[in-house]
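Because only heavy atoms are used, hydrogens play no part in the values below, and waters and symmetry mates are left out as well, while side chains stay in. Numbering of ligands and ligand atoms starts at 1, following listing order. Positions are given from 1, in the same order as the sequence printed here.
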Amino acid sequence: MLRRDMMLGAAALAAIFASPATAQDTVKIGLIVPMTGQQASTGKQIDAAVKLYQQQHGTTVAGKKVEVILKDDGAVPDNTKRIAQELIVNDKVNFIAGFGVTPAALAAAPLATQAKVPLIVMAAGTSIITERSPYIARTSFTLAQSSVIIADWALKNNIKKAVTMVSDYAPGADAEKFFSDRIKAGGGEIVSAIRVPLANPDFAPFLQRAADAKPDALFIFVPSGQGGTFVRQFTERGLDKAGIKLIGPGDVTDDDLLPGMGDAVIGTVTAHMYSASHPSKMNKDYVTAFEKAYNFRPNFMSVGGYDGMHLIYEALKKTNGDTDGDKLIAAMKGMKWESPRGPISIDPDTRDIVQNIYIRKVEKVNGQLYNQEFATFEAVKDPGKTAK
Ligand code: PHB
């Protein structure tokens with residue numbers, strides 16, 4: 001009996017998944033982001049950017065009203081999965097989007113496949129994510145993109161001995177691997193590879209280990225939101241005064257926290273896809289509108305959200321409002337546009353983002369700290385994709 005009930009349950013669920021909402025006048029986007037907890041700044045940034053996009057571009061596209069349903073998963077993957085299921089089954093959303101951390105995106109991936117609902121990764125950065133479902137497209141970044149490029153910069157700038165320090169989860173492992181492999185291939189050396197717990201990290205003991213190894217540079221990856229604590233502990237431990245250069249992907253000098261980091265962070269060189277001081281007209285307009293509306297600076301997560309909305313709107317225009325998941329994903333493949341970060345596109349083979357990676361140095365501009373871009377690597381594909 002119990003077994004039959006369970007089977008009926010599964011069959012009913014399959015039937016619901018097999019009949020996505022059709023012919024309705026409203027297109028629904030389930031936006032799942034962390035609005036609370038350690039990753040809350042990501043949710044705040046993406047929510048703000050999504051609202052700004054709709055203020056600027058309207059809430060109707062291809063004759064349909066676009067409704068965003070915002071849900072807080074606290075970056076806990078079990079929550080993400082439950083919420084994604086509720087959004088798909090009960091609210092009959094046509095897209096799921098957001099995903100502040102890699103484990104959240106991975107938890108939702110099988111549901112996208114089952115329900116044939118496009119899943120737009122606006123934040124998470126581990127290479128493998130887009131391979132977990134043919135219905136995933138990404139508008140954020142991968143850690144591999146920036147870690148390879150900062151390794152090349154380090155080698156050219158006489159950094160021979162590095163310590164890596166990364167948050168101990170998937171994107172940290174990607175950052176560590178892509179940086180280390182490149183440094184070693186170029187004749188450099190990794191003298192210590194340190195992993196730091198993701199939850200409420202105390203960096204002090206790990207920084208001591210890094211200092212003891214006397215490297216030329218410390219390569220750091222922490223997810224957005226943790227950079228402030230890290231930089232404070234880095235300077236409290238005197239690593240800056242010991243002449244250890246701080247380098248990494250740009251998550252550590254996140255524009256959300258950078259204004260409060262203090263002058264010790266000046267000179268930090270990172271590789272990343274977005275700086276609030278990116279000198280294009282489009283970005284100047286974006287930052288002005290964003291700061292006027294919210295009174296805080298947009299960071300790299302915000303552009304993942306803004307561009308994710310653009311991808312959804314443009315795909316709907318191409319399908320003429322048809323919300324069939326296969327048609328929408330096909331429409332997204334190869335799409336190219338200008339983002340506040342610079343020119344971007346969706347790789348038609350991998351559905352991953354192709355974008356410029358900039359080398360930046362923290363400097364004071366009109367009394368405020370910014371990541372000032374000084375070199376550009378154009379149209380970088382994710383180096384983490386297995387060759388097709
Ligand atoms: C991730 O979990 O994939 C992630 C989160 C925050 C970042 C980068 C990567 O800044």
Side-chain angles (χ1 to χ4, degrees), residues 32-35 37-46 49 73-80 97-109 119-132 136-150 164-179 195-201 219-231 248-258 261 268 270-276 297-305 308 341 352-353 355 357 360 371 382 384:
I32 313 173
V33 284
M35 299 300 291
Q38 196 173 274
Q39 246 59 49
S41 68
T42 299
K44 173 188 80 172
Q45 288 276 345
I46 291 181
D73 67 354
V76 177
D78 284 347
N79 292 348
T80 319
F99 310 100
V101 292
T102 292
L106 295 180
L119 184 164
I120 312 302
V121 179
M122 295 171 160
T126 304
S127 288
I128 190 96
I129 295 173
T130 44
E131 294 175 6
R132 288 292 172 90
I136 296 180
R138 170 154 42 201
T139 55
S140 48
F141 53 87
T142 73
L143 273 308
Q145 281 177 325
S146 43
S147 298
V148 164
I149 283 173
I150 198 69
T164 59
M165 188 181 290
V166 300
S167 288
D168 193 9
Y169 78 126
D174 269 10
E176 180 189 87
K177 177 185 179 340
F178 283 90
F179 178 78
R195 300 242 180 140
V196 180
L198 175 62
N200 308 312
F219 169 89
I220 178 73
F221 165 72
V222 287
S224 72
Q226 292 192 4
T229 312
F230 172 81
V231 166
D251 309 68
V252 67
T253 53
D254 171 1
D255 271 295
D256 204 332
L257 299 172
L258 186 59
M261 280 188 193
T268 302
T270 55
H272 213 40
M273 35 51 102
Y274 180 70
S275 165
R297 207 190 269 187
N299 75 355
F300 63 99
M301 293 300 191
S302 82
V303 292
R341 70 186 102 171
D352 219 331
I353 184 141
Q355 59 191 336
I357 298 294
R360 317 94 50 83
N371 294 295
D382 176 27

Identify, chain by chain and in numerical order, each protein residue with a heavy atom under 4.0 Å from an atom of ligand 1.
-> G100, V101, T102, A124, G125, F141, L143, Y169, P171, F221, P223, S224, D251, F300, M301

Taking only residues two or more places apart in sequence or in another chain, which ones pass side-chain hydrogen bond (donor to acceptor under 3.5 Å, both in side chains) with R297?
-> D255, Q368

Quick check: does any side chain N or O of Q145 sit under 3.5 Å from a backbone N or O of A271, one acting as donor and the other as acceptor?
-> no

Give a yes or no answer on whether the side chain of S147 reaches the backbone of A144 with a donor-acceptor pair at less than 3.5 Å.
-> no

Exam field: side chain N371 to backbone T253, donor-acceptor pair closer than 3.5 Å = yes

Look at the side chain of N299 and the backbone N and O of S302, then say whether any donor-acceptor pair between them is shorter than 3.5 Å.
-> yes

Could you tell me whether a side-chain N or O of R341 sits under 3.5 Å from a main-chain N or O of F300, the two making a donor and an acceptor?
-> no

